[in-house]
Amino acid sequence: MNLIRRIIHWFSRNTLPYWIIILVDCAIVFASGVVTYWLFNHSLELYDHRYSIIYSLVLYMMISLVGAKVFSTYAGIVRYSSFVDLLHVAYANSVSIVLALIITFVLQQLDVEALTAFQPLETIILFVISTFVMWMVRVLVKAIYDSYLPDKAVVRALIYGALTGGVGLAQSIQLQRPRRFILDGFISHDRRSEHIMLMGKKVYNINDDLYTIVKQRKIRAILVSPLRVNDFRNNQELQNTLISAGCKIYMAQNIREASIKDGQLTTDDIHDMQLREVSVEDLLPRQEIKVDMESVGEQLRGKRILITGAAGSIGSEMVRQVAQFQPARMMLIDQAETPEHNVRLMMANEHPDIVAETIVASICDKGRMEHLFSTFRPDYVFHAAAYKHVPMMEDNPSEAVHNNILGTRIIADLSVRYGVQKFVMVSTDKAVNPTNVMGCSKRICEIYVQSLSHSQQTTQFVTTRFGNVLGSNGSVIPLFREQIRNGGPVTVTDERIVRFFMLIPEACQLVLEAGTKGHGGEIFVFDMGQPVRIADLARRMIQLSGSKNIEIKYTGLRAGEKLYEEVLSELENTKPSFHDKLRIAEVREYDYQQVCHDIDDLVAIARQYDNMATVRKMKQIVPEFKSNNSIYEQIDRELESANG
C-alpha cells in the first residue's frame with residue numbers, strides 16, 4: 001500500500017512523457033492483435049505464422065500512430081482522463097480501422113503475404129479490443145489516482161442537489177485542476193431519488209440523519225448546486241446541521257442567470273463553474289428578487305445621470321448598475337475624497353467609454369451644487385447622500401439636520417429649477433416611527449420631497465424606503481468578521497434585536513425600477529422578507545469561521561436604537577405597485593409652505609448647535625418621533641406633560 005502511495009505521489013508531481021503513452025498504446029494494439037489472431041485461428045497456427053503476425057502487427061501499430069496523431073490521444077495526462085479523452089481514443093482507433101482495411105486490401109492485391117496475416121473482420125475486432133483496453137487503462141489509472149489521492153488539501157464533499165444541477169457540479173469538480181474536492185455523494189430534497197446511485201455515489205435525503213452521515217463519512221464540504229441555491233438558503237435547519245457537523249459550504253459562481261432560470265446547465269456552464277466558500281450573507285434566507293432591468297435600461301439609456309453619495313455603499317452600486325445602461329454622461333458627487341477616487345478608478349477601468357465626472361463636494365454647499373446643476377443639466381437625480389450612523393447622529397443632531405435635511409432640500413430644489421425629469425431619494429426604514437435623530441431626519445426629508453412633488457409639475461419625486469443592506473459601510477457583518485478574526489468577543493447590543501437585510505445589488509435594482517417607473521409623489525416600501533435575529537447572525541458567522549470558544553457579549557442598546565425596525569408606521573397603509581416586492585405607502589400629505597417654514601426654523605436652530613433645542617424642533621415636525629435609550633427622552637416627557 002505504501003509503495004502504491006509513493007508511486008502515485010511521484011506521478012502527482014510528474015507526468016509521463018508523451019512517448020511512453022504512445023508505447024503503451026502500441027503495446028495494447030500488439031497484444032490485442034495476438035489475442036484476436038488466437039481467437040480466430042487457435043493456438044496451433046499462432047506459432048507457425050509468428051513472423052507474419054509480428055510484421056502485420058508492427059504495421060498496425062504504425063497505422064495506429066496516425067489516428068493517435070490526428071486526435072492527440074497521447075497529449076493528455078492519463079490520470080486526468082475524461083469522457084472526451086475516451087471519445088478521442090475511439091475516434092483515433094476508428095480512423096486506424098479504416099486505414100488498416102485500406103492498406104490490407106492493397107497489400108493483398110500486391111500479394112504481400114508477410115503483412116496480411118489478418119482478415120478484414122479480424123482487423124476490426126483487433127482495434128475494437130484495443131479501444132476497450134485503452135479505455136480500461138485510462139479509467140483504471142484515474143480510479144487508482146483518485147482512490148489514493150496524496151493531496152491532503154483535497155476534501156471529501158457532498159453535493160446538495162442531484163440530477164442536472166448536481167451532476168453538472170460533480171463533473172465540474174472532477175475537471176478542476178488542481179483537485180479541491182473528492183465527491184462522496186449527493187443530498188436530495190426529492191424522495192424519489194432515495195436509494196439511487198449517481199455517478200457511482202449514494203444519494204441521501206435531507207430527512208436522513210445527515211449529521212451522523214457527515215461525521216462517519218468524514219465529509220468536510222457541502223457543494224450547493226447552482227439550481228438549488230434558494231432551497232438551501234431557505235433551509236436554516238439543514239444549514240445548522242451541516243455547519244455544526246464541521247462542514248464548509250461552497251456555492252458556484254460564474255453561472256449564467258439564464259441557465260439558472262431555465263433549470264439547465266450547459267457544457268460551458270460546467271467548464272466555467274467556480275466554487276467559493278460562502279459568507280454569512282449568502283446563507284441568509286431570502287426570496288429571489290426579479291427586476292425588469294431591461295425596461296430600466298430603456299429609461300436611462302442616453303440620459304444624463306447625477307448621483308449623490310456616489311462613493312457610499314448604495315451610491316457606488318448605483319453607479320455600477322446605471323453605467324451598464326450606457327447613459328450619455330454621469331456626474332458622481334461625494335465629499336469623501338478617497339472613496340470617490342476609488343469610484344473614479346472603477347469607472348475608468350470598467351466603463352471607459354462613459355464620460356463620468358467625479359466631483360468632491362458637499363451637497364450642503366448650495367453655490368457649488370447650483371454651478372454643477374447649471375452646467376451638467378441632469379435628466380435623472382439619484383440622491384443617496386446621507387449621514388446614516390444612528391449613534392453618531394444621536395450625538396450630532398445639528399449635522400443630521402444640515403447634511404440630511406438641508407442637503408436634500410438643496411438638491412431637490414435645484415432639480416426643479418433645472419428641469420430634472422425624476423428625482424429618486426434613498427430613505428430608510430428607520431424613518432418609520434423614528435426613535436433616533438437619524439431616522440427622524442430622513443422622515444423630514446421624505447416629508448419635504450413629497451410636499452415639493454405635489455406643489456410643482458416639473459420634476460417627479462420618488463422616495464424608496466428599505467432596511468439594512470448586507471456589507472454596507474457600518475454594517476454589523478464586517479464588524480463581527482473583524483471581531484472573530486481577533487478572537488472575540490463578538491459584541492451584540494441585545495439578544496432580542498432583529499433587523500431586515502437585503503443585498504446591496506438587489507436594493508439598488510429595486511431603487512432603479514421604482515425610480516424609473518414611479519410617477520411622482522410615491523414612497524416605495526421594499527418587501528425585506530423575514531427579519532434576522534442579530535444574535536443568530538453572530539452565532540452563524542462564528543460557526544462558518546471554524547473558530548472555537550468565541551464569546552458573544554451583549555452590550556446593551558445604543559443611544560437611539562430599537563429592538564426592531566418597522567417598514568410602515570401604524571397610521572400608514574400600503575397599496576400594490578408594478579412589482580410584488582414594492583408597495584406604495586399611503587402617508588399623510590403635508591402643506592409645502594408649512595414644511596418649508598418648519599425646515600427654515602429647524603435649520604436656524606441647528607446652526608446654534610443646541611442639541612436639545614434642535615431635537616425638540618424635530619419632534620414638533622414629526623410627532624411620532626419618540627426617542628429610545630437616549631438623553632432626548634427627557635423632551636418626550638416634557639411634551640407629554642405639556643399636552644397633559
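As the structure is a prediction and not an experimental result, all values here were calculated from the model.
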Inset, instruction - Output yes when a side-chain donor or acceptor of T464 lies under 3.5 Å from a complementary backbone atom of M425, and no otherwise. - result: yes
Legend entry - Gap between atom CD1 of I354 and atom CD1 of I305 - 0.5 Å precision: 10.0 Å
Inset, instruction - May I ask you to check whether over 12 heavy atoms, not counting those of H371, lie within 6.0 Å of atom NE2? - result: no
Legend entry - Nearest-0.5 Å distance, OG of residue S441 to CD of residue E446: 10.0 Å
Legend entry - E640/R637 ion pair, N-O < 4.0 Å: no
Legend entry - Check ion pair D610-R616 (N to O, under 4.0 angstrom): no
Legend entry - Main-chain N/O of V437 paired with E394 side-chain donor or acceptor, under 3.5 Å: yes
Inset, instruction - Please confirm whether the backbone N or O of E399 pairs with a side-chain atom of N396, one donor and one acceptor, at under 3.5 Å? - result: no
Legend entry - Test item: E624 side-chain N/O and P434 main-chain N/O as donor-acceptor pair under 3.5 Å: no
Legend entry - Gap between atom OH of Y418 and atom CD of E370 - 0.5 Å precision: 3.5 Å
Inset, instruction - Scan side-chain atoms only and decide if N628 and T435 contain a donor-acceptor pair under the 3.5 Å cut-off. - result: no
Inset, instruction - Check the side chains of Q321 and E317 for a donor-acceptor pair under 3.5 angstrom, ignoring hydrogens and angles. - result: yes
Legend entry - Side-chain (R304) to main-chain (F376) donor-acceptor, under 3.5 angstrom: yes
Legend entry - Side chain S415, main chain I411, donor-acceptor under 3.5 Å: yes
Legend entry - Crowding at CE, M392 (>12 non-hydrogen neighbours, <6.0 Å): no
Inset, instruction - Report yes or no: do E482 and N486 form a side-chain donor-acceptor pair below 3.5 Å? - result: yes
Inset, instruction - Could you tell me whether a side-chain N or O of D636 sits under 3.5 Å from a main-chain N or O of S627, the two making a donor and an acceptor? - result: yes
Legend entry - Non-hydrogen atoms of V343 and S316 that approach each other most closely: CG2-CB, 4.3 Å
Inset, instruction - Start with the C-alpha gap between F480 and I542, add the side-chain angles, then the distance that decides, and say whether side chain to side chain contact (heavy atoms under 4.5 Å, CB included) holds. - result: CA-CA 9 Å; F480 288 171; I542 293 170; over 6 Å; no
Legend entry - Straight-line distance of L306 CG to L414 CG, nearest 0.5 Å: 10.0 Å
Inset, instruction - Please answer whether the main-chain N or O of L345 pairs with a side-chain N or O of N349 as donor and acceptor at a distance below 3.5 Å. - result: yes
Inset, instruction - Indicate whether the side chain of Q450 and that of T463 have a donor and an acceptor atom separated by less than 3.5 Å. - result: no
Inset, instruction - Starting from the C-alpha separation in whole Å, work towards a yes-or-no answer on salt bridge (charged side-chain N to carboxylate O under 4.0 Å, His left out) for E633 and K619. - result: CA-CA 11 Å; E633 291 178 82; K619 290 178 179 291; over 6 Å; no
Legend entry - Any donor-acceptor N/O pair, T614 side chain to S398 backbone, under 3.5 Å: no
Legend entry - Side-chain heavy-atom pair F423, Y380 within 4.5 angstrom cut-off: no
Inset, instruction - May I have all residue pairs that pass side-chain hydrogen bond (donor to acceptor under 3.5 Å, both in side chains) and include part of residues 327-339, sequence neighbours excluded? - result: R329-E357, Q335-Y387
